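These values consider heavy atoms only, across backbone and side chains, with no hydrogens, waters or symmetry-generated copies. Read the numbers this way: they start at 1 and go in the same order the structure lists the ligands and their atoms. Note that this is a predicted model, so its numbers are computed, not measured.
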Amino acid sequence: MTEDASPKKELAAVRGTKDILPKEVEGWQALERLARETFELYGYRELRAPVIEATELFEKGTGRTSDIVTKEMYTFTDKGGRSLTLRPEYTPSVVRAIIEHRLDLEVEPLRYYYMGPMFRYDKPQKGRFRQFHQIDIEVFGEKDAAADAEIIEMADSLLRKLGVTGTETLVNSVGCRECRPAYSRALREAAGKRKSGLCPDCQRKAETNPLRIFDCKVEACRAVARTFPLIQDFLCAECRDHFGKLLVFLDIYKIPYRVEPRLVRGLDYYTKTTFEVVSSHLGAQNSLVGGGRYDDMMKDFGGPDICAIGFAMGMERVLSIAELAPPKRKFLYLAYLGDEAKKAGLEMARYFRANGVECLVEFKDRGMKAHFGRANKLQAAWVLIVGGDEMKKGRFGLKEMATGRQVEGAREELLAFLREN
Ligand SMILES: [Zn+2]
Ligand SMILES: [Zn+2]
């Protein structure tokens, strides 16, 4: 038997994916709850799109020359011969959904959030998975730079609630369709002169989309990229004005930032603002939040001409540095002795649960000592004792495990006791 065929390996989770076990899930739930609460304070509502989409959606949206589309997509042909892709990012799905359902004709503001898995066939490494999770927000139809500042402030507010410290906010403008062609020409020229110093991938990018050289992680390419001209010198009047206003609004929100002229982000669709929140507590993969404006995607998809801006937050990374208080969880363990007591116990459990008390009933015949041993191990807050004597009296015993305090009473009295404690 070869190693690959061993059942153990075959039945393990797929490389680059990971189980989120009950011990960790409390953190995830807290993050999801805080994100939901925060975004709804700004008038956002949840929009859930499917995990699979037509491959063309990402080619068109994310961009044919982006690393994501050229190297990292999970694309397959389904039984009907259609090319489908597990979404590598969320933005194109939202744009598609708005056009498909004509959400732009409704009264509600076009502000959406979403949390869920994304898929990229990337090299698995620390803090990076092939199935990873993102919190995503998008707002449409707001061209004012105040909207750009507001989403940056919203991301910052969520990170503060999560106890994330040591962050830095980087901002840039990548121009628009008016002013970027001249910058791309200048980049192509600069890259052409230094072509031998670039990796084969970037040599190709120098022809197709020189802006993407800034995404390369090869140190030699980064060194070359540092000699390239800066976008700021090429921005048109409108883009320059927009960027200037963004910085003013960030000051109003008291968000410290650093202008990073090489921040282009790995996507083709950005226009004007791009930003990133990075953490000093993480290594090379230090980006917690990344986003920007994409004013042309909707009309490029054949929809209405509506501008947009959004961001994505990496949930795994944020959770790895979040400081969340462990949730206080209290539950009651049912200890019953014999069949009749079991029936009475189940009724009690049903009554307590209906009144919001978590009850754990394990259907195993145990003696009282074994019940208490088990309840102790599980760290139950209370043990409800149902034996023959208790049933005859119609009164039950309840033990508070932390204090050893024991009370006796009818179910209503016990419920009152549980609520007080
Ligand atoms: Zn411009
Ligand atoms: Zn390179």
Side-chain angles (χ1 to χ4, degrees), residues 62-72 120-123 125 128 141-149 171-249 259-275 284-285 287 291-300 305-309:
T62 310
R64 275 174 214 283
T65 59
S66 67
D67 278 359
I68 294 174
V69 171
T70 55
K71 299 179 204 162
E72 297 172 0
R120 290 185 200 171
Y121 194 82
D122 200 355
K123 205 162 77 191
Q125 49 187 298
R128 198 161 206 177
E142 294 281 10
K143 67 176 194 301
D144 195 307
D148 309 32
V171 294
N172 190 26
S173 173
V174 292
C176 65
R177 283 187 178 166
E178 295 298 312
C179 54
R180 200 159 50 210
Y183 181 56
S184 290
R185 269 197 303 280
L187 276 185
R188 194 166 286 134
E189 201 176 298
K193 282 182 196 150
R194 305 281 304 266
K195 212 167 175 181
S196 56
L198 294 169
C199 75
D201 205 23
C202 287
Q203 293 189 1
R204 183 179 54 78
K205 288 173 180 173
E207 306 289 335
T208 55
N209 191 349
L211 205 63
R212 295 274 70 85
I213 297 174
F214 288 117
D215 304 329
C216 185
K217 282 152 193 105
V218 175
E219 190 42 53
C221 300
R222 296 176 81 119
V224 172
R226 279 192 284 272
T227 69
F228 286 173
L230 299 179
I231 180 88
Q232 266 72 25
D233 301 326
F234 292 82
L235 294 181
C236 66
E238 192 191 315
C239 287
R240 193 170 310 134
D241 179 59
H242 188 93
F243 192 54
K245 283 182 174 147
L246 166 68
L247 304 186
V248 170
F249 289 121
V259 175
E260 172 47 69
R262 289 178 190 86
L263 182 71
V264 295
R265 316 250 332 124
L267 299 160
D268 286 351
Y269 52 65
Y270 284 130
T271 50
K272 297 194 174 114
T273 306
T274 55
F275 74 95
Q285 304 291 332
S287 172
R293 187 166 270 286
Y294 52 101
D295 290 345
D296 301 318
M297 194 192 289
M298 188 84 81
K299 74 170 176 266
D300 287 352
D305 187 0
I306 296 177
C307 62
I309 183 164

If you look at every heavy atom in A191 and L198, which pair is closest and at what distance? O-CD1, 4.1 Å

Inspect the contact between R293 and E142 and indicate whether a charged nitrogen and a carboxylate oxygen are less than 4.0 angstrom apart. no

Under 2.8 Å from the Zn ion (ligand 2), how many protein N/O/S atoms can be counted? 4

State the count of protein N/O/S atoms located less than 2.8 Å away from the Zn ion (ligand 1). 4

Charged N to carboxylate O below 4.0 Å: is that the case for R177 and D300? yes

Please tell me if the side chains of L211 and Y183 come closer than 4.5 Å, counting only heavy atoms from C-beta onward. yes

Quick one, D67 with K205, criterion salt bridge (Lys or Arg N to Asp or Glu O under 4.0 Å). Give me CA distance, side-chain angles, the key distance, then yes/no. CA-CA 10 Å; D67 278 359; K205 288 173 180 173; 3.7 Å; yes

Note: F228 and I213 closest approach over all heavy atoms is CE1-CG2, 4.0 Å

Salt-bridge criterion met for E219 and R226 (N-O under 4.0 Å): yes

In sequence, state the C-alpha distance, the side-chain angles, and the governing distance for Q232 and N172, and then conclude on side chain to side chain contact (heavy atoms under 4.5 Å, CB included). CA-CA 9 Å; Q232 266 72 25; N172 190 26; 3.0 Å; yes

Trace of the side chain to side chain contact (heavy atoms under 4.5 Å, CB included) decision for E207 with K195: CA-CA 10 Å; E207 306 289 335; K195 212 167 175 181; 2.8 Å; yes

